[in-house]
Amino acid sequence: MKGPCSGLWQQKQFTLSLLKSPNKLSTLNHLKSLHVCLLRTGLHHSSFAVGNFITHCASLGLMSYAAQLFDQMSEPNSFVWNTLIRGFQQNHSPKYTLYYFDQMRVNNVQPDRFTYPFTIRACSGLLEFAKGVSLHGQVVKIGVNFDVFVGTSLVDFYTAMGDLNMTKQVFEELPDKDEVTWYAMLSSYVNKFNDMGTARDLFEKIPCKDLVIWHTLILGYVKAGDLELAKKYFDIAPVKDLLMYNTILGCLAKNGEVECLLRLFHEMPCRDLVSWNTVIGGLVRDGRINEAMRFFYEMERVNLSPDDVTLASLLSACAQAGALDTGKWLHSYIDRRCSELNAVIGTALVDMYCKCGDLGSAADVFNKMSERDVVAWSAMIMGSSMNGQSRTALNFFYHMKDESERPNDATILGVLCACVHAGLVDEGKKCFYGMSEEFGLTPKLEHYGCMVDLLGRAGLLDEAYSLIQSMPYEPHTGAWGALLGACKIHGNVELAEKAIEHLIQLDLEDGGYLAIMSNIYANAGRWEDVSKVRKLMKEKGIGKSRGISSIEVNGVIHEFGVQEKKHPQAREIYNMIYEIYRRLKRAGHVASTREVFFDVEEEEKEKALFFHSEKMAVAFGLIATDKTTIIRVVKNLRICPDCHAAMKLISASFEREIVIRDRHRFHHFKNGVCSCRDYW
């Protein structure tokens with residue numbers, strides 16, 4: 001900075017002009033040059049000059065430098081003290097705020113109405129209740145407790161302390177209230193005390209409601225889960241800004257109101273990245289993957305670059321739907337934009353590839369990540385587990401420990417799932433019972449559920465039942481459901497009856513458990529009990545969940561239900577089903593009809609099996625893709641025994657690799673063999 005060099009008066013005027021020009025002071029070097037000017041002109045003793053200098057330091061986050069200059073003053077007045085105290089508070093240093101406040105009193109400088117708002121806020125930040133109450137007493141004593149700034153800071157203080165009565169008392173005693181005071185009280189009801197009824201009453205009394213007031217009330221209803229009232233106040237708000245629109249968009253997305261979400265998005269006068277991410281996220285949560293991708297392409301068209309939230313959301317969508325082609329396209333898009341994968345996107349890619357059944361690509365991404373946190377390791381371990389590569393999962397776990405990365409609950413769950421899928425009882429026990437001692441982790445419900453599943457599948461039913469009885473928590477549906485499934489495998493009717501009794505109490509709406517119990521009775525030849533279970537399901541209006549399978553072809557997700565004919569290529573699909581049927585017959589396949597839940601003849605049961613959703617999806621894959629393409633199907637339920645047996649034969653007869661992800665795990669069928677080795 002250059003200025004006049006002759007004459008003390010001119011130098012002082014130049015220095016004062018700099019103090020009044022914030023745009024010219026934007027770096028530490030500028031401040032140091034100004035400091036030199038203060039020293040040369042003697043202005044370092046001027047309260048006005050030093051106060052303004054401290055203000056510049058505060059705006060640049062350089063309060064330690066401000067304190068150095070302050071400490072050189074012989075007798076700073078209240079203006080300088082207040083400026084320093086305010087600067088520390090604005091820079092989130094409440095301890096220094098209170099320290100200099102105490103020093104101010106030690107130096108016999110009387111605090112005033114400009115001092116207390118910042119010191120009281122410091123007490124709020126530090127949760128210094130006793131100190132804050134003492135300050136309240138001081139402001140009453142000097143008669144500034146009715147000042148609107150002091151009063152508002154006291155409202156904030158008692159709100160932070162959770163003292164609703166004092167918050168209300170201070171607020172009601174204030175003779176004058178500005179917009180900030182009204183906001184402070186409204187915010188206390190909305191964000192601290194969760195009292196939306198009183199918040200609404202207060203809102204109606206506010207004389208001048210600005211955007212912040214409207215947004216606070218609307219956001220309160222969003223947090224309370226009251227979508228209707230949030231929408232009502234949004235609709236009647238006289239002015240709406242982008243933040244308000246985005247708040248309602250988030251609420252609609254969270255509540256699954258996708259059509260309303262899309263309509264509001266298109267009505268918005270302007271949109272930012274948050275708006276686009278919210279809509280894409282809402283579509284992903286609703287399973288509308290194709291639409292989510294269309295919005296992504298539209299973002300590109302309007303020259304709006306996605307961020308990590310956008311990409312992670314879309315990769316999650318691909319993972320849910322098993323949309324490997326789309327996921328690969330996103331991966332190439334990310335590679336073009338980023339020189340290095342960060343932990344968030346890297347982990348999302350690993351998760352996507354694992355859930356699409358492509359472990360090789362998942363491992364490639366994992367190995368290229370420069371930073372791998374516990375979430376990335378856990379994703380790789382769980383992904384290997386659910387794809388039937390249990391030993392690989394355990395090796396990743398051992399490698400993780402070798403690199404001194406501490407596992408978390410999700411990591412251990414992945415390891416236990418790997419043991420379940422391969423029947424590794426000893427390894428599972430070692431991991432489960434070593435959680436606390438080796439890693440300081442307490443087993444959660446999910447870990448107990450895995451252990452029950454592991455023991456039950458291995459035929460250790462009594463041990464599994466004893467583990468449930470010894471759980472420190474109330475056993476959940478996961479534990480009892482695992483035991484019921486094990487009883488079905490091993491034909492233990494007595495223990496199955498104990499499990500179903502608890503399952504009915506816990507989750508009466510899930511007909512899947514009763515269907516399993518009916519099959520257990522049927523396999524034991526107890527037909528009267530089969531009739532009783534079916535009657536109970538009919539009386540309660542409970543049915544099995546509808547099976548749906550999806551397959552991605554050329555970037556488009558195709559969904560199939562049992563015996564559906566809605567697909568444009570339904571005729572070709574049905575013809576392929578009959579071709580599959582003929583080939584399986586020639587291969588000696590006998591349909592496993594014992595789990596078909598219908599009172600119909602055996603021939604009809606066999607026909608019903610052939611039009612299961614996964615067979616429909618595979619039939620479409622056979623006619624819609626070339627011979628080198630892996631057929632990848634995602635099913636919302638567990639694959640049935642007949643479909644599992646049929647897929648092995650289809651993979652051999654048509655010389656196609658088939659990957660099916662059901663609700664529990666992956667099955668990789670190739671050359672007549674499944675990766676699960678029939679242990680599922």
Side-chain angles (χ1 to χ4, degrees), residues 289 315-328 347-366 378-397 410 413-424 450 453-454 457 482 485 547-552 557 559-560 612-615 617-618 621 625 629-652 656-680:
I289 313 305
L315 289 169
S316 170
C318 295
Q320 289 175 32
L324 181 60
D325 290 345
T326 305
K328 284 183 173 179
T347 302
L349 281 167
V350 168
D351 184 61
M352 182 274 294
Y353 279 121
C354 286
K355 288 178 178 174
C356 289
D358 189 348
L359 270 185
S361 296
D364 287 343
V365 172
F366 182 80
S378 299
M380 201 66 231
I381 291 168
M382 182 61 84
S384 301
S385 165
M386 67 190 298
N387 277 277
Q389 302 298 316
S390 297
R391 287 296 177 187
T392 301
L394 293 179
N395 287 335
F396 271 112
F397 179 57
L413 189 63
V415 173
L416 291 176
C417 286
C419 295
V420 168
H421 294 322
L424 304 174
C450 269
D453 200 12
L454 174 62
R457 286 174 186 269
I548 299 174
S549 295
S550 63
I551 180 172
E552 181 194 34
I557 309 297
E559 284 193 348
F560 298 90
H612 271 190
S613 64
E614 56 265 57
K615 289 194 181 85
V618 168
T625 61
T629 303
I630 299 174
I631 297 172
R632 301 177 187 274
V633 174
V634 176
K635 185 174 182 182
N636 65 328
L637 304 176
R638 189 172 184 263
I639 188 173
C640 77
D642 183 75
C643 285
H644 189 270
M647 292 302 166
K648 290 191 289 184
L649 293 173
I650 294 169
S651 70
R656 298 292 296 271
E657 186 174 348
I658 301 169
V659 178
I660 294 183
R661 186 182 93 198
D662 69 11
R663 70 186 297 178
H664 293 296
R665 61 171 298 163
F666 276 88
H667 296 272
H668 294 253
F669 301 95
K670 188 176 182 179
N671 299 325
V673 178
C674 180
S675 60
C676 73
R677 301 177 181 84
D678 296 334
Y679 188 84
W680 59 285

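Just so you know, these numbers come straight off a predicted model, no measurement behind them. As a basis for the values below, the full set of heavy atoms in this structure was taken, side chains included, without hydrogen atoms, waters or symmetry mates.
Looking at heavy atoms from C-beta onward, K615 lies in side-chain contact with C643 at the 4.5 angstrom threshold. Residues F669 and I660 form a side-chain contact, since some pair of their non-hydrogen atoms from C-beta on lies under 4.5 Å apart. With a 4.5 Å cut-off on side-chain heavy atoms, K635 and S613 count as touching. For the pair H667/H644, a side-chain contact is recorded, criterion being any heavy-atom separation below 4.5 Å from C-beta on. Looking at heavy atoms from C-beta onward, I551 lies in side-chain contact with F560 at the 4.5 angstrom threshold.
Between the E552 side chain and the T326 main chain, a donor and an acceptor come within less than 3.5 Å of each other. Remark: side-chain polar atoms of N636 are paired, donor with acceptor, to backbone N or O of I548 under 3.5 angstrom. At distances below 3.5 Å, not a single donor-acceptor pair connects side-chain atoms of R661 with backbone N or O atoms of N387. Between the side chain of S385 and the backbone N or O of I381 there is no donor-acceptor pair closer than 3.5 Å. Listed for the S550 side chain is no donor-acceptor partner under 3.5 Å among the backbone atoms of E559.
A348 and L315 make their closest contact through CB-CD1, 3.7 Å (heavy atoms, listed as atom of the first residue, atom of the second, distance). Here the closest non-hydrogen pair linking A379 and T347 is CB-CG2, 4.2 Å. The two residues I557 and A323 have their closest heavy-atom pair at CD1-CB, 3.6 Å. Nearest approach of D351 to A319, heavy atoms of both residues: OD2-CB, 4.0 Å. Residues S651 and I658 approach most closely at N-CD1, 4.1 Å, considering heavy atoms. Taking all atoms of both residues into account, the shortest heavy-atom contact from M380 to C354 is CE-SG, 4.4 Å.
Atom NE2 in H612 sits 7.5 Å away from atom CG in D642 (nearest 0.5 Å). Of the inter-residue distances, the one linking L359 atom CG with F366 atom CZ reads 12.5 Å to the nearest 0.5 angstrom. Of the inter-residue distances, the one linking C417 atom SG with H421 atom NE2 reads 5.5 Å to the nearest 0.5 angstrom. Here E657 contributes atom CD and I630 contributes atom CD1; the two are 4.0 Å apart, rounded to the nearest 0.5 Å. Atom OG of residue S675 and atom NZ of residue K670 lie 11.5 Å apart, to the nearest 0.5 angstrom. From D662, atom CG reaches atom CZ of R638 across 7.0 Å, with rounding to the nearest 0.5 Å.
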Q: Mind running side chain to side chain contact (heavy atoms under 4.5 Å, CB included) on M352 and C356 for me, showing each step along the way?
A: CA-CA 6 Å; M352 182 274 294; C356 289; 4.0 Å; yes
Q. Given the rule in the side chain to side chain contact (heavy atoms under 4.5 Å, CB included) test, do L416 and L454 qualify, once you have shown the distances and angles that lead to the verdict?
A. CA-CA 8 Å; L416 291 176; L454 174 62; 5.5 Å; no
Q: Walk me through it: do Y353 and L324 pass the test side chain to side chain contact (heavy atoms under 4.5 Å, CB included)?
A: CA-CA 7 Å; Y353 279 121; L324 181 60; 3.7 Å; yes
Q: Start with the C-alpha gap between C450 and L413, add the side-chain angles, then the distance that decides, and say whether side chain to side chain contact (heavy atoms under 4.5 Å, CB included) holds.
A: CA-CA 8 Å; C450 269; L413 189 63; 3.7 Å; yes
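A salt bridge is absent between R632 and D325: the closest approach of a Lys/Arg side-chain nitrogen to an acidic carboxylate oxygen does not fall below 4.0 angstrom.
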